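Written out below as structure tokens is the structure these notes cover.
Computed from a predicted structure; not experimentally measured. Just so it is clear: chains get the letters A, B, ... in the order the sequence lines come, proteins before strands, and each one is counted from 1.
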Amino acid sequence: MTKERLRFAPSPTGDLHIGGARAALFNWLYARKTGGQFLLRIEDTDRERSTDAALESILSSMRWLGMNWDDEPVKQSQRGELYKEAVQKLLDSGAAYPCYCTKEELEAEREHAVAEKLDYHYSGKCRNLDQATRDTYNKERKPFTVRFRVPEGETSFEDMVHGETTFKNESIGDFIIARPDGTPVYLLAVAVDDADMGITLVMRGDDHLSNTPKQLMLMKALGAAQPRFAHLPQVLGMDKKKLSKRHGAASVMEYERMGFLSDAVVNFIALLGWNPGDDREKMSLDELITSFSIDHISKKSGVFDMDKLEWLNGQYLNDLAPEELLPHVTKLFIEAGYLDKDSAETRRDYILSIIVMLKERCRLLPEFVEKAVYFFNDPTEYDAKGEKKQFKDLSAADRLEELASRFELLETFDIASTEDVIRNYAEELEVGAGKLIHPTRLSVSGVTQGPSLFDMLISIGKEKTVARMKTAASYIRNKLS
RNA sequence: GUCCCCUUCGUCUAGUGGCCCAGGACUCAAGGUUUUCAUCCUUGCAACAGGAGUUCGAUUCUCCUAGGGGACGCCA
């Protein structure tokens with residue numbers, strides 16, 4: 001069996017879209033699974049909208065997601081000759097013809113059809129022009145586009161996800177394949193490139209389903225081998241409309257910025273319109289490769305559910321070893337001003353301990369920053385609700401001060417000793433330990449929730465713990481006097 | 001308008017004629033664990049678009065209707 005050759009063909013007019021990323025991923029997975037080739041083709045024939053920056057952004061998103069490609073990416077803008085030859089070949093064989101209709105004329109035709117509620121196709125006005133007329137037009141240097149002469153009959157193909165799909169050719173009007181300046185139009189470029197690149201399987205969005213017969217006809221007329229097709233369902237936003245900027249985040253880059261892990265994003269995207277055939281949800285890249293199969297691709301378009309992505313990301317965050325999280329979290333801490341580069345080195349163990357305490361409490365990377373403030377800064381204010389409950393009278397201040405001084409006397413400030421202090425004092429006061437734990441937490445962290453109090457205290461250290469408790473005590477006295 | 005595609009819980013989905021008064025996951029709700037929060041565990045709510053067939057039997061097959069999407073560009 002010959003090796004499969006697949007391709008992803010983005011047009012560099014913006015960042016890598018979630019839908020595009022999914023198409024790329026499926027192609028990549030299939031290529032890697034079958035030991036085939038995964039090629040990149042940059043569809044930049046629209047010079048107006050294509051930019052190098054967009055191309056770079058797309059490539060970097062692909063790298064971030066963990067996809068690599070074989071060979072150098074092919075750029076359509078550099079293959080003008082190839083398309084010209086193909087157009088000439090089609091012209092010579094009579095499979096295509098020059099069309100001298102102007103944009104205005106065509107526009108009028110179209111408007112007329114719409115007004116009359118008629119099915120619009122190109123009228124075929126220039127289809128059977130005699131040679132004499134063409135000669136005169138050419139002598140006048142009348143600009144012309146090249147149109148493909150759609151043959152009679154029907155075009156059908158076996159789509160690997162939709163099954164046999166048939167189009168009547170009469171429902172397809174003669175379409176333009178080259179502009180007056182000789183540049184090719186999408187349909188032609190794709191047909192020529194897929195043939196030239198030896199693509200064996202085209203996997204792309206199902207918005208291309210009705211383009212497929214046109215490409216097939218072109219390839220046939222060109223005498224090229226035809227690839228197989230697999231059309232992927234659309235990715236929709238929560239409102240069931242095509243995912244776009246208005247849905248908040250439509251590009252891969254935005255998810256990176258929001259603090260998602262690439263593995264979680266890939267995993268989630270893979271499950272959009274595909275399933276492994278069993279109940280697995282959290283899957284590594286390798287698992288995805290071995291499990292991937294086209295017959296588990298869905299026909300139904302799917303909604304991008306951010307809640308589920310966040311949940312998945314939380315699973316990844318929680319399952320990752322602290323060491324693996326270290327670079328990500330350190331970077332964010334530096335950005336937040338908690339650390340500088342040097343102290344990040346020396347305080348490695350401290351950061352690691354914070355990660356251990358917080359990772360099961362976070363779903364997104366940036367949550368580490370907000371949840372870790374008090375590991376770096378003294379609280380500047382106290383949670384309002386907590387304050388109302390824990391700092392409501394002078395005895396709260398007394399207790400904090402008493403605890404602080406008992407902590408101060410401790411020779412070893414560890415989990416066992418701090419817990420002893422709290423529990424013993426609670427017993428003396430004949431109250432539950434919670435009565436001391438909650439105010440202590442609030443005084444040291446400023447918030448009412450977080451990791452185990454004792455873990456937190458020893459991590460912050462005796463000195464700071466004591467100081468913060470004393471500060472809180474005088475804060476209470478001040479407020480109540 | 002014409003052609004093509006699609007239709008299972010709010011969402012992602014399993015299901016290829018009996019195992020389905022439809023299973024899993026997210027969300028939500030309730031309970032348990034926990035010093036708090038989170039994690040984790042348990043339980044619950046919640047769907048085969050509608051109608052005709054075919055069949056002993058349809059979520060699964062056929063047809064029709066409705067709804068949604070795509071194409072009909074000198075955009076890709």
query = Watson-Crick or G-U wobble partner for B/A66, using a 3.5 Å limit on both distances?
reply = B/U7
Complement of B/A29, any strand, by Watson-Crick or G-U distances under 3.5 angstrom =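 Pairing partner, where one exists within any strand: B/U43.
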Contact class for [X] vs. all strands (heavy atom < 4.0 Å): base, sugar-phosphate, or nothing?
{"X": "A/L271", "value": "sugar-phosphate"}
{"X": "A/T166", "value": "sugar-phosphate"}
{"X": "A/K103", "value": "base"}
{"X": "A/F167", "value": "sugar-phosphate"}
{"X": "A/T102", "value": "base"}
{"X": "A/G273", "value": "sugar-phosphate"}
{"X": "A/G302", "value": "sugar-phosphate"}
{"X": "A/T448", "value": "base"}
{"X": "A/P451", "value": "base"}
{"X": "A/Q315", "value": "sugar-phosphate"}

key: Residue-level proximity of residues 422-440 of chain A to RNA chain B when a heavy atom falls under 4.0 Å   =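 A/I437, A/H438, in order of number.
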query = In residues 207-216 of chain A, which ones come under 4.0 Å of RNA chain B, going by heavy atoms?
reply = A/D207, A/H208, A/L209, A/S210, A/N211, A/K214
task = Indicate whether OP1 or OP2 belonging to B/C12 is found under 4.0 Å from a side-chain N or O atom of A/K308.
result = no
query = OP1 or OP2 of B/C4 less than 4.0 angstrom from a side-chain nitrogen or oxygen of A/H162, does that happen here?
reply =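 Checking A/H162 against B/C4: no side-chain N or O falls below 4.0 Å of OP1 or OP2.
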ask   = When the aromatic ring centroids of A/F407 and A/F413 are compared, is their separation below 6.0 Å?
value = yes
request  = State, without any angle test, whether A/E254 and A/S251 hold a side-chain donor-acceptor pair at a distance under 3.5 Å.
outcome  = yes
message = Please tell me whether A/S61 and A/D15 have a donor and an acceptor in their side chains that are separated by less than 3.5 angstrom.
response = no
message = Show every salt bridge (Lys or Arg N to Asp or Glu O under 4.0 Å) that has at least one partner inside residues 362-379 of chain A, sequence neighbours left out.
response =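 For residues 362-379 of chain A: A/E367-A/K371, A/D378-A/R468.
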A/R147 NZ/CZ over A/Y122 ring centroid, <6.0 Å and within 45° of normal = yes
